[in-house]
Amino acid sequence: MKTFTTADILIPKNENMKKWCVVACDQYTSEPSYWSEVESIVGDNPSTLRLTLPEIYLEDDDVSERIKKINETMSDYLDKGIFKTLENSMIYVERTTLDGRVRKGIIGKIDLEDYDYNKGSETMVRATEKTVIERIPPRMKVRENALIELPHIMLLIDDEKKDIIDNLDKVVTKDEMVYDVDLMQKGGHITGYKLKDENVNDILSKLDALADKNVFEDKYGVSDKGVLLFAVGDGNHSLATAKATYNKLKESNASLDVLNKARYALVEVVNLHSDALEFEPIHRVLFDIDTDDFMRELNKYYDINKTKTGQKIHIITKGIDEDFYIDNPKSNLAVGSIQLFIDEYLENHKGRVDYIHGDDVTRSLGKKENNIGILLPKMEKNDLFKTVILDGALPRKTFSMGHSYDKRYYLEARKIR
């Protein structure tokens, strides 16, 4: 198994870990109060908040200064010896979410040579949804001069036997524990264990078996398809940014040492069939919209009814809060059908769209003047791998794995320069 391997993983030595760990940067993008609260909690303490750029600030006028400060802080933390290095390691992670369920995963590094985010790729690692190319360049500005990376990338494996990750709790002890942290802002708790060499070797052997071409083709009823072992469940644009940055370095004839670090990305691998892994829909909220015009155009674009035939969506405005059904969809999923309309509508009308985790937030934002909230049904997770294998990718922002506060919190890091 060369696609997923051990890494030199950085973790803090003696910091206040509750203040150190911050939720993934692509969360709460329409809720500035959340990030203000995080600022208040962190204060002047060392924190991953100072090493990442919450995407709510990505289009602010001072974004270049923010990125410069992030890079300076990375250098400062490294110079001060804040980190210790777990060399050539994998970490077994247990994340206890707010509802008490335990999501298990393995931290290691992925080879970007085995990943392609373009639809229809047949690499070992693939995007599950359409990658928005325009979202990559601003994220590259954050990564291209960064000294370290902090992952919120989660890759999924389709291990229905639950034989690779799910039983690791039986082989670790407190002696291997490397962190044990309560997370801020409803994040729950996370515990990490450095895996012994024999456990790492066993994991890699089982991943090799899962990636066997004959096993793969028999499992999914396909032939002449590249083996898909790792599907990107979260952090798709973060991983795509790592790949694009690596490609840019290759084109610039960077030194072998630089390329060897940039070639990999730190990720967490989780079993799709984990009982603690739940797919949640990602809803849409449109801002600064003429809501009457939006509804008129939607009814021109699709045959919309209220008789429960077709793909269901739920629309919330200041004056609407009800189900609608698309009778002549243009995608196999409701999320794909409505996204096609939104994209076309915004090409010719003012307004913007954001992708929202959580029914309550969508409802609250949708009811505001000149806004529209669209609640979408969730996708069944068992359909994920075969859909990606056969169709290439799902519509963008189709699903989320859990609530916003269930997302990965930044904790581990890896040197990329």
Side-chain angles (χ1 to χ4, degrees), residues 26 117-122 126-133 135 154-156 158 220-222 225 228 230-237 240 272-273 277-286 294-295 297-316 322-347 353-359 361-363 366 372-404 406-407:
D26 59 346
Y117 52 77
N118 292 296
K119 183 175 181 178
S121 71
E122 294 194 356
R126 292 178 219 171
T128 54
E129 62 182 20
K130 180 182 178 182
T131 303
V132 183
I133 304 302
R135 294 183 64 188
M154 191 182 295
L155 304 185
L156 302 175
D158 190 1
Y220 299 108
V222 297
K225 295 278 187 182
L228 169 62
F230 300 102
V232 182
D234 216 350
N236 181 56
H237 286 89
L272 172 70
H273 299 280
L277 191 66
E278 186 172 348
F279 278 18
E280 299 283 347
I282 301 179
H283 306 305
R284 272 63 174 156
V285 174
L286 293 103
F294 181 92
M295 293 303 296
E297 293 300 316
L298 178 61
N299 277 276
K300 291 178 185 177
Y301 196 84
Y302 287 123
D303 294 335
I304 301 294
N305 69 81
K306 298 181 184 179
T307 59
K308 300 185 179 181
T309 60
Q311 292 176 345
K312 177 182 172 183
I313 59 174
H314 189 95
I315 294 179
I316 302 113
E322 56 186 314
D323 293 337
F324 294 88
Y325 296 83
I326 301 172
D327 232 355
N328 56 335
K330 297 184 179 183
S331 171
N332 288 328
L333 299 172
V335 60
S337 296
I338 197 64
Q339 189 64 50
L340 286 169
F341 170 70
I342 290 171
D343 290 343
E344 190 167 316
Y345 184 84
L346 291 179
E347 284 182 6
V353 64
D354 198 1
Y355 304 92
I356 305 297
H357 305 264
D359 294 15
V361 176
T362 304
R363 285 185 171 279
I372 296 177
I374 303 175
L375 293 171
L376 295 162
K378 73 175 183 178
M379 186 189 83
E380 295 302 321
K381 65 182 183 179
N382 288 340
D383 295 334
L384 178 65
F385 269 68
K386 191 158 187 177
T387 301
V388 172
I389 292 164
L390 295 178
D391 296 346
L394 300 164
R396 74 177 183 273
K397 297 291 183 180
T398 296
F399 68 93
S400 169
M401 294 188 296
H403 302 288
S404 292
D406 295 331
K407 299 296 181 180

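Worth knowing before you read on, the calculation uses all heavy atoms, side chains too, and leaves out hydrogens, waters and symmetry mates.
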From Tyr220 atom OH to Asp158 atom CG, the distance as rounded to the nearest 0.5 Å: 3.5 Å

Straight-line distance of Gln339 CD to Tyr355 OH, nearest 0.5 Å: 4.0 Å

Spatial distance of atom CG (Leu346) from atom CZ (Phe341) [nearest 0.5 Å]: 8.5 Å

Check against ring-ring contact (aromatic ring centres under 6.0 Å, His included), Tyr301 and Phe294: CA-CA 10 Å; Tyr301 196 84; Phe294 181 92; over 10 Å; no

Euclidean distance, Ile372 CD1 relative to Ile374 CD1, rounded to 0.5 Å: 6.5 Å

Residue pair Leu384 / Leu272: nearest heavy atoms and the distance that separates them: CD2-CD1, 4.2 Å

For Tyr117, all residues meeting ring-ring contact (aromatic ring centres under 6.0 Å, His included), sequence neighbours excluded: none

Nearest atoms (heavy-atom pairs only) where His283 meets Leu375: ND1-CA, 3.4 Å

Reported CG-to-OG1 distance for the pair Asp327 and Thr309, which is rounded to 0.5 angstrom: 4.0 Å

Partners meeting salt bridge (Lys or Arg N to Asp or Glu O under 4.0 Å) with Lys306 (sequence neighbours left out): Glu322

Over all atoms of both residues, closest heavy-atom pair of Ile282 and Arg284: O-NH1, 2.7 Å

For Lys407, all residues meeting salt bridge (Lys or Arg N to Asp or Glu O under 4.0 Å), sequence neighbours excluded: Asp234

Contact check, side chains of Leu298 and Ile338, non-hydrogen atoms, under 4.5 Å: yes

NZ/Lys330: more than 12 non-hydrogen atoms of other groups inside 6.0 Å: yes

Closest contact, heavy atoms only, Leu156 versus Phe279: CD1-CZ, 4.3 Å

Thr131 and Lys119: CA distance, side-chain angles, deciding distance, side-chain contact (heavy atoms from CB on, under 4.5 Å) verdict: CA-CA 8 Å; Thr131 303; Lys119 183 175 181 178; over 6 Å; no

Nearest non-hydrogen partners of Ala334 and Ile313, listed with the distance: CB-CG2, 4.3 Å

side-chain contact (heavy atoms from CB on, under 4.5 Å) between Asp26 and His237, worked out: CA-CA 10 Å; Asp26 59 346; His237 286 89; over 6 Å; no

Sub-4.5 Å side-chain heavy-atom contact between Tyr325 and Lys308: yes

Under 3.5 Å: donor-acceptor pair, side chain of Asn328, backbone of Asp303: yes

Pairwise distance CG(Asp359) to CD1(Ile316) - rounded to 0.5 angstrom: 8.0 Å

Taking every non-hydrogen atom, the tightest pair across Lys397 and Glu129: N-OE1, 2.7 Å

Test log, rule side-chain contact (heavy atoms from CB on, under 4.5 Å), inputs Ile315 and Met295: CA-CA 10 Å; Ile315 294 179; Met295 293 303 296; 3.8 Å; yes

side-chain contact (heavy atoms from CB on, under 4.5 Å) assessment of Glu122 paired with Lys225: CA-CA 7 Å; Glu122 294 194 356; Lys225 295 278 187 182; 3.9 Å; yes

